[in-house]
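For reference, the structure discussed in these notes is given below.
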Amino acid sequence: MGFIGDQVESIRSMQVRQVVTQIISLGMIVTSALIIWKGLMVATGSESPIVVVLSGSMEPGFKRGDILFLHMSKEPIRTGEIVVFNIDVSPTRLLYFGREIPIVHRVIKVHERQESGEVDILTKGDNNFGDDRLLYAQGQLWLQKHHIMGRAVGYLPYVGWVTIVMTEKPIIKYLLIGALGLLVITSKE
């Protein structure tokens with residue numbers, strides 16, 4: 001009959017109580033993952049404590065598919081640090097990309113305004129020719145503290161390729177989620 005046929009037959013043979021129990025178990029797994037993510041956000045002080053490098057702009061230091069761990073501390077940002085930031089997004093850019101995409105680059109210049117104490121930050125990808133002013137919003141020359149999502153404090157090489165593949169090929173993501181859901185619902189334990 002095949003794998004899928006066996007799974008469907010397994011669901012048919014289950015009692016309603018078993019199906020409800022399995023659905024609740026699946027909900028608890030998803031809820032646990034969300035709680036862990038929120039806990040990481042609180043512990044690191046970053047709205048996104050883990051990000052995937054999506055381009056080769058930071059090679060050879062970080063390659064596409066590396067996972068970065070972020071932390072946001074009160075200490076001033078210094079030249080040479082690797083930061084993850086969002087830029088002010090125009091409605092046109094948001095329509096084109098569909099969402100804000102965090103950027104991983106190195107701080108190349110920090111300027112503190114004496115009168116206000118605000119810090120201006122200029123970034124650049126290690127593998128890029130020039131600074132990031134072309135990436136910033138039109139007329140914007142510097143990033144401010146509110147643009148910074150966190151500082152890189154560690155990384156795992158290549159582990160983020162799973163995320164990249166699922167983003168670039170959504171059918172794989174849907175098949176994987178469907179298969180995992182089916183396995184959780186049909187497990188007899």
Side-chain angles (χ1 to χ4, degrees), residues 33-34 36-90 92-113 118-177 180:
L34 290 173
I36 290 169
W37 183 258
K38 290 294 184 180
L40 282 173
M41 288 173 66
V42 170
T44 63
S46 175
E47 64 186 75
S48 185
I50 301 171
V51 295
V52 176
V53 178
L54 297 175
S55 74
S57 67
M58 283 301 290
E59 289 182 359
F62 297 116
K63 294 178 178 40
R64 189 168 190 243
D66 291 353
I67 287 184
L68 296 180
F69 300 100
L70 306 182
H71 186 269
M72 194 62 190
S73 66
K74 302 279 185 213
E75 296 176 21
I77 294 174
R78 304 201 188 288
T79 302
E81 285 187 301
I82 295 173
V83 296
V84 177
F85 62 92
N86 276 322
I87 55 174
D88 295 329
V89 180
S90 68
T92 307
R93 189 175 174 108
L94 192 57
L95 283 173
Y96 180 72
F97 290 111
R99 66 184 191 277
E100 290 183 357
I101 298 174
I103 301 168
V104 178
H105 281 174
R106 187 177 305 278
V107 176
I108 60 169
K109 215 179 257 187
V110 177
H111 177 263
E112 184 173 346
R113 295 185 209 162
E118 290 182 26
V119 177
D120 294 328
I121 302 161
L122 181 62
T123 57
K124 176 188 175 294
D126 290 352
N127 200 23
N128 293 351
F129 180 71
D131 62 40
D132 289 341
R133 287 187 171 144
L134 291 174
L135 294 176
Y136 301 163
Q138 187 174 0
Q140 182 181 1
L141 299 176
W142 301 90
L143 295 174
Q144 276 71 48
K145 186 126 173 132
H146 71 272
H147 293 109
I148 307 297
M149 296 172 60
R151 307 166 197 225
V153 293
Y155 81 103
L156 283 174
Y158 308 114
V159 178
W161 270 105
V162 174
T163 302
I164 291 173
V165 168
M166 287 195 296
T167 302
E168 292 178 355
K169 308 259 190 251
I171 188 71
I172 293 173
K173 174 174 50 178
Y174 299 130
L175 288 173
L176 183 63
I177 290 171
L180 289 173

Candidate pair Val104 and Leu68, rule side-chain contact (heavy atoms from CB on, under 4.5 Å), full reasoning: CA-CA 9 Å; Val104 178; Leu68 296 180; 3.3 Å; yes
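- Ion pair Asp126/Arg106 flagged as a salt bridge, since at least one NZ, NE, NH1 or NH2 atom sits closer than 4.0 Å to an Asp/Glu carboxylate oxygen.
- Note: Phe62 and Tyr155 meet the aromatic proximity criterion, with ring centroids under 6.0 Å apart.
- Put simply, CG on Leu135 and CD1 on Ile103 are 5.0 Å apart, with the number rounded to the nearest 0.5 Å.
- Atoms CG and NZ, on Asp120 and Lys109 in that order, are 11.5 Å from each other to the nearest 0.5 Å.
- To the nearest 0.5 Å, atom CG of residue Asp132 and atom CG of residue Leu143 are 7.5 Å apart.
- Two residues are said to be in side-chain contact when any heavy atoms from C-beta on lie closer than 4.5 Å; Val107 and Val110 meet this criterion.
- Side-chain contact, Ser55 with Ser57: a donor N or O sits under 3.5 Å from an acceptor N or O.
- Listed here is the closest heavy atom pair of Thr44 and His71: O-CD2, 3.4 Å.
- Taken from NZ in Lys169 to CG in Leu175, the straight-line distance is 13.5 Å, to the nearest 0.5 Å.
- Within the model, atoms CZ of Phe85 and CE of Met149 stand 11.0 Å from one another, a figure rounded to the nearest 0.5 Å.
- In this structure, a donor-acceptor pair under 3.5 Å is absent between the side chains of Asn86 and His147.
- Tyr158 has its side chain out of reach of Ile67: every pair of non-hydrogen atoms, C-beta onward, lies at least 4.5 Å apart.
- By the 4.0 Å N-to-carboxylate-O rule, Glu168 lies close enough to Arg64 to be salt-bridged with it.
- The two atoms that bring Met58 and His105 nearest to each other are SD-CA, 3.7 Å, heavy atoms only.
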So Ile77 and Val119, side-chain contact (heavy atoms from CB on, under 4.5 Å) or not? Walk me through it. CA-CA 8 Å; Ile77 294 174; Val119 177; 5.6 Å; no
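- At least one side-chain heavy atom of Ile50 sits under 4.5 Å from a side-chain heavy atom of Leu40.
- Rounding to the nearest 0.5 Å places CD1 of Ile164 at 5.5 Å from CG of Leu54.
- Annotation: side chain of His111 is not in contact with side chain of Leu122 (no heavy-atom distance under 4.5 Å).
- Between Met41 and Ser46, the closest side-chain pair of non-hydrogen atoms is not below 4.5 Å.
- Using a 4.5 Å heavy-atom cutoff, the side chains of Val165 and Ile172 are in contact.
- Side-chain contact between Arg133 and Trp142: present, with at least one pair of heavy atoms (C-beta onward) separated by less than 4.5 Å.
- Within the 4.5 Å cutoff, the side chain of Asp66 has no heavy atoms near those of the Leu156 side chain.
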